[in-house]
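Before any comments, here is the structure.
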Amino acid sequence: MDNLIDKTYNPKTAEDKWYAAWEKAGCFKPKKGKQGKTFSLIMPPPNVTGKLHMGHALDATTQDALIRFKRMKGFETLWIPGTDHAGIATQSVVEKLIQKEEKKNRHEIGREEFLTRIWKWKEQYGNEIVAQQKKMGVSCDWDYSTFTMDEVPNKAVRKFFVRMFNEGLIYQSDYIVNWDPKLQSAISDAEVEHKEVKGFFYHLLYKVKGSDEVLEVATTRPETIFADTAVAVHPEDERFKHLIGGTAIIPICNREVPIIGDEHVDIEKGTGCLKVTPGHDFNDFEIGKRHSLPIINIMNKDGTFNNGAPEIEGLKVKDARERIESILNELGELKEKKPHVAQVGHGERSDAIIEPLVSKQWFLNVSKMAEVAVEAVESGAMTFYPKGWENTYFAWLKEPKDWCISRQLWWGHQIPVFYCLSCAHQWASESDPTDCPQCRANNFRQDPDVLDTWFSSGLWPLSTLGWPDEKAMAEKRFNDFYPTATLVTGFDIIFFWVARMMMMCGEMTGQPPFKHVYIHAIVRDKQGRKMSKSLGNGIDPLDMIAQYGADAMRFTLAAGSGYNRNLNLDPERIEGYRNFMNKIWNAFRFIQPHLELAADELPPKEKWHLHDRWILSELNTVAGRMNEAIDEYRFDDACSAIYQFVYEKFCSWYIELSKNILNGNDEAAKRQRATVLKYGFRQIMKLMHPITPYITEELWSILDGKTLLASESYVESDAHLSDERVADLMNRFIEVVTGIRNIRQGVNIKPKDQVDIRLFTDDAKFAKFLYDSRHFLGDLAAVKSGTIRQKSAERPKRSVSSALTHTEIWIPLEGLVDIDEQVKKVQKDIEKTKDDYQRIEAKLSNATFVDNAPEDVVLEVREKARQFQEKLQSLQTILGQFQ
RNA sequence: GCGCCCGUAGCUCAGUUGGUUAGAGUAUUACCUUGACAUGGUAGGGGUCACAAGUUCGAAUCUUGUCGGGCGCACCA
């Protein structure tokens with residue numbers, strides 16, 4: 001007894017120890033298995049600037065559970081980790097740091113030096129998240145770890161770029177982009193956050209040339225009138241139709257612009273009359289394209305106005321607007337000003353107000369790739385779990401817009417386009433050129449922009465496996481692991497990432513980069529709100545691990561992961577599952593002293609005790625359910641199946657039923673019970689290991705001591721273990737025990753006081769089972785003596801009793817029993833049972849039901865009716881004793 | 001505005017192609033320091049499956065509508 005383990009499970013010591021042991025043993029490296037197939041995952045690369053949050057923890061848990069499961073099932077598994085350079089996020093972190101420490105911006109430092117600083121910063125801090133992932137227990141092959149700006153991903157990016165460029169699918173064009181005046185770069189739609197901003201609606205008056213008419217134009221941005229190149233009305237608008245083709249005069253600058261008709265204008269909205277500013281508004285840009293309007297840019301890259309707007313030159317938007325307002329007032333051309341709340345785009349990182357600005361950008365035409373990506377899902381070559389997410393995927397890919405791939409940043413893959421300064425030739429090149437391919441001059445420069453971060457992420461399944469470097473591909477076994485098996489990620493990046501990988505990898509290899517995409521929930525707080533810094537409602541996974549252990553957190557996340565959209569996380573749930581871990585720990589503490597007795601192999605089936613047959617049958621059921629559930633990404637089902645089994649079946653019944661045997665004198669029975677307990681517990685460890693790797697490995701080391709559980713085989717379902725008949729008998733037995741306990745509590749019999757019971761049943765097999773189990777009733781319900789008879793036998797006097805559908809339980813009581821209370825109880829039960837019976841009987845007397853319902857359903861209902869009838873008779877008998 | 005999803009116990013959620021008396025966890029109530037475990041045990045209470053109509057022998061499940069909530073896209077002159 002003195003070598004017993006601690007009374008509670010201590011996660012901290014187990015976690016560090018076993019992670020190191022797994023790595024040392026190379027458990028996470030691909031190893032040929034009995035399936036003869038591979039199973040590979042790529043981990044969505046977190047930002048290098050990142051810190052582990054609950055979303056990462058969920059991501060890591062589901063992927064780790066999946067890959068550990070497949071590894072144990074005998075697949076040759078590979079899980080590839082990595083980090084993303086995250087262009088803007090990283091650049092602005094380092095820029096802020098330099099600003100704070102040296103009071104310099106990046107332009108003052110210079111591009112080359114700035115990049116050196118970022119790389120240095122990345123080496124120093126960039127791997128914080130890796131250490132955090134290891135705490136979670138992720139079983140990825142760290143030798144495969146890739147950074148999106150490593151040499152191979154850079155080659156991949158350039159190869160893809162050059163091919164698209166040469167096919168004419170990458171082109172340069174003037175386009176209106178989200179311009180962040182603080183970062184001084186275009187940013188993607190995803191990086192724009194819309195916030196409500198209070199402002200005003202200004203109604204301006206535009207004179208119509210050669211007429212007395214005046215157009216009243218509503219705008220939220222009067223300062224942009226200098227860039228107006230048209231006034232638009234709806235072509236069917238009776239009020240203004242006749243003016244189309246005419247000329248309007250812009251207030252203040254008195255420039256003349258055409259009046260055009262465009263469907264975009266909403267007759268009902270505002271004044272029905274719209275100023276068109278293609279240089280500074282997204283919709284106006286589109287209108288301008290349709291009508292070939294000129295584009296006027298009145299803004300500098302820093303957000304101030306340029307000399308195209310002389311009255312407000314050098315001013316920022318806010319001041320400019322006030323200035324314009326007062327000028328318009330002087331001129332009498334501001335008819336109205338009313339408060340208005342608008343959604344205004346802000347830079348996600350900089351929080352600056354985003355200015356729509358026209359500039360030269362690089363675009364990738366994705367129409368053909370998008371078609372292929374759609375086809376891959378429609379044909380079933382790639383499947384979403386849950387399936388509904390394909391709608392989101394299609395929504396974007398069926399109407400793809402050309403993708404703006406250039407960013408005016410320094411941190412990222414520089415666009416591999418070169419301009420010859422001698423002959424003006426422009427070309428794309430996979431390697432850095434030494435001279436111009438056309439005129440051989442070595443006087444050229446590279447495009448200064450870098451590519452959107454998603455451009456390299458889109459090639460991630462290829463580049464992490466060495467593509468396009470042949471040597472690296474051979475080393476990393478590209479052909480064995482591409483395409484990968486499953487992509488696990490959140491729905492927020494279905495089109496940013498999933499769709500782009502499908503397009504880009506599909507384009508380069510002709511096959512989708514993965515067979516399944518499992519979309520997991522978004523982790524929210526317990527009230528369903530998004531976790532955010534501003535709300536301060538974030539839950540730090542590392543805190544939770546410190547408090548409850550990695551396994552408890554993993555189990556909580558897995559138990560909340562199925563086909564749901566949100567996972568509302570309450571730390572109390574983690575605490576609950578911490579308690580479950582402790583329960584398992586203590587179940588082992590119960591078994592531990594008997595391990596020496598236990599044999600390694602189960603005895604032959606014909607020797608199994610009924611309890612053994614039952615628990616092994618139940619174990620087999622749970623193994624089957626877990627296998628199915630994990631294969632379908634139903635981690636919630638897998639968790640609830642094993643939880644139920646361990647808690648209710650194994651601990652509450654099998655262990656309790658084992659005490660009598662293990663404390664008895666029958667050595668053979670003791671040995672067999674110890675053997676089955678050990679066997680069952682080993683199976684539980686295997687079943688749980690993918691979800692809770694640490695505690696199971698820790699207990700396995702005491703159970704086994706030789707092998708690592710991480711490298712064991714998973715438990716498969718085995719039909720010859722299942723035994724429905726025994727399960728049925730056990731369920732009835734459990735009902736009887738619960739029934740006795742129920743009666744005892746109902747009349748306040750103290751737990752220690754022993755009772756004498758009389759059982760009546762007409763089921764001979766069950767009667768025998770009860771007789772065989774009579775000693776267990778003492779342990780489970782403090783029964784000291786009793787009889788089992790048929791229902792024709794005489795009942796005892798002065799008893800409290802209750803009826804099951806198959807058995808009557810009578811407890812004769814010498815002391816006083818509140819007869820009225822007992823009668824009431826029985827009558828209530830009779831009422832309920834009558835209701836149940838009548839509902840069922842109504843079905844049976846309905847001829848159409850009997851004719852139409854499947855035979856087995858009818859049989860079940862008949863059996864149910866019979867049971868209710870039997871119970872009703874018993875209840876009448878019980879009531880009879882009081883009369 | 002277009003599209004998608006959801007509404008089941010106080011809370012968080014399961015409920016597969018319609019088929020017994022709708023299930024878990026958590027919270028809650030009563031009793032219990034019993035030799036694995038108080039991070040525990042035993043036994044309870046708690047649901048008109050949002051509402052309405054329809055299809056069906058049978059509806060939480062299918063159809064339509066209403067109400068409520070969420071998300072995506074678009075819009076935000």
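Order of the sequence lines fixes the chain letters, A, B, ..., with proteins taken first and strands second; residue numbering starts at 1 for each chain.
Here the C1' atom of nucleotide B:A24 and the CZ atom of A:Arg634 are 13 Å apart, to the nearest Å. We find that CD of A:Glu656 is positioned 9 Å from P of B:G41, with the value rounded to whole Å. What separates CD1 of A:Ile519 from P of B:C5 is a distance of 16 Å, to the nearest Å. Per the geometry, CG belonging to A:Asp284 stands 13 Å off C1' belonging to B:C75, to the nearest Å. Counting to the nearest Å, the P atom of B:G44 and the NZ atom of A:Lys828 are 12 Å from each other.
Taking atom P on both nucleotides, B:A43 is separated from B:A59 by 34 Å, rounded to a whole Å. On the P atoms, B:U26 is 23 Å away from B:U33, given to the nearest whole Å. Rounded to whole Å, the separation between the P atoms of B:C49 and B:G65 comes to 22 Å. Spacing between B:G68 and B:U8 at atom C1', rounded to whole Å, works out to 15 Å. Rounded to the nearest Å, the gap between the P atom of B:A22 and that of B:G47 is 12 Å.
Using a 4.0 Å heavy-atom criterion, one finds that A:Lys275 contacts no nucleic acid atom at all. At the heavy-atom level, A:Val858 lies nowhere under 4.0 Å from the strands shown. Within the nucleic acid shown, A:Thr738 comes within 4.0 Å of sugar-phosphate atoms alone, with no base atom in reach, counting heavy atoms only. Within the 4.0 angstrom heavy-atom criterion, only backbone atoms of the sugar-phosphate kind lie near A:Ile840; the bases stay farther away. Among the atoms of the strands shown, none is found under 4.0 Å from any heavy atom of A:Glu632. A:Ser640 comes within 4.0 angstrom of nothing in the nucleic acid, heavy atoms only. Using a 4.0 Å heavy-atom distance criterion, A:Phe491 is classed as making no nucleic acid contact. Residue A:Asp637 is classed as a sugar-phosphate contact, given heavy-atom separations below 4.0 Å to backbone atoms only.
Using a 4.0 Å cut-off between a side-chain N of Lys or Arg and a carboxylate O of Asp or Glu, A:Glu821 and A:Lys824 do not qualify as a salt bridge. Classification of A:Lys864 and A:Asp836 as a salt-bridged pair fails, no side-chain N sitting under 4.0 Å from a carboxylate O. With respect to the salt-bridge test (charged N to carboxylate O, under 4.0 angstrom), the residues A:Asp829 and A:Lys825 do not qualify. With respect to A:Arg866 and A:Glu870, a salt bridge is recorded, a charged nitrogen being found less than 4.0 Å from a carboxylate O. Look at A:Glu216 and A:Arg239 and you find no salt bridge, because none of the NZ, NE, NH1 or NH2 atoms lies under 4.0 Å from a carboxylate O.
Across all strands shown, B:A59 forms no Watson-Crick or G-U wobble pair with both key distances under 3.5 Å. Figure legend. B:C51 is base-paired to B:G65; pairs are counted as Watson-Crick or G-U wobble with both atom distances under 3.5 Å. Under the Watson-Crick or G-U wobble criterion, with both distances below 3.5 Å, B:A36 is left unpaired in every strand shown. Under the Watson-Crick and G-U wobble criteria, each requiring two contacts below 3.5 Å, nucleotide B:G46 is left unpaired. Pairing of B:G18, defined by two Watson-Crick or G-U wobble distances under 3.5 Å, is not identified with any nucleotide. Using the Watson-Crick or G-U wobble rule with both distances under 3.5 Å, B:C71 pairs with B:G3. Nucleotide B:U12 is matched to B:A24 when pairs are restricted to Watson-Crick or G-U wobble geometry with both distances under 3.5 angstrom. With a cut-off of 3.5 Å on both Watson-Crick or G-U wobble distances, the partner of B:C76 is given as none.
Between the side chains of A:Asp228 and A:Thr277, a donor-acceptor pair is found at a separation under 3.5 Å.
Ranking B:G19, B:U42, B:U20 by closeness to the A:Pro854 side chain, first place goes to B:G19. With distances taken from any side-chain atom of A:Asn582 to the nucleotides B:G15, B:U39, B:U21, the minimum falls on B:U39. Here the nucleotide nearest the side chain of A:Phe849, chosen from B:U21, B:C57, B:A36, is B:C57. The listed nucleotides are B:A43, B:U21, B:A36; the one nearest the side chain of A:Asn742 is B:A43. The side chain of A:Asn568 lies closest to B:U12, out of B:U12, B:C75, B:G72. When distances run from any side-chain atom of A:Tyr647 to the nucleotides B:A36, B:G40, B:C57, the shortest one goes to B:G40. Of the candidates B:A36, B:A43, B:G19, the closest approach to any side-chain atom of A:Ala853 belongs to B:G19. Checked against B:G19, B:C37, B:C76, the side chain of A:His264 finds its nearest nucleotide in B:C76.
Dashed line: the shortest gap from a side-chain N or O of A:Asn579 to OP1 or OP2 of B:G40 is under 4.0 Å. When the side-chain nitrogen and oxygen atoms of A:Ser652 are compared with OP1 and OP2 of B:U42, one or more of them lie within a distance under 4.0 Å. Taking 4.0 angstrom as the limit, A:Thr8 places none of its side-chain polar atoms (N or O) nearer than this to OP1 or OP2 of B:C37. Checking the phosphate oxygens (OP1, OP2) of B:A36, a side-chain nitrogen or oxygen of A:Lys659 falls inside 4.0 Å.
Contact of the A:Phe650 side chain with the A:Leu677 side chain is registered, since non-hydrogen atoms from C-beta on lie closer than 4.5 Å. The closest side-chain heavy-atom distance from A:Val498 to A:Phe384 is below 4.5 Å. Within the 4.5 Å cutoff, side-chain heavy atoms of A:Val317 are placed close to those of A:Arg221.
Position along RNA chain B of the nearest nucleotide to A:Arg741 versus A:Val861 favours A:Val861 as the more 5'-ward residue.
A donor N or O paired with an acceptor N or O is not found under 3.5 Å between the base of B:C37 and the side-chain atoms of A:Lys7. At a cut-off of 3.5 angstrom, counting only N and O atoms as typed in the model, there is no donor on one side facing an acceptor on the other between the side-chain of A:Lys752 and the base of B:U34.
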Sugar-phosphate or base contact per nucleotide [nucleotides 25-32 of chain B; S, B, -; heavy atom under 4.0 Å]: BS-----S
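Put simply, the side chain of A:Lys670 gets close to the backbone of A:Gly664: a donor and an acceptor are under 3.5 Å apart.
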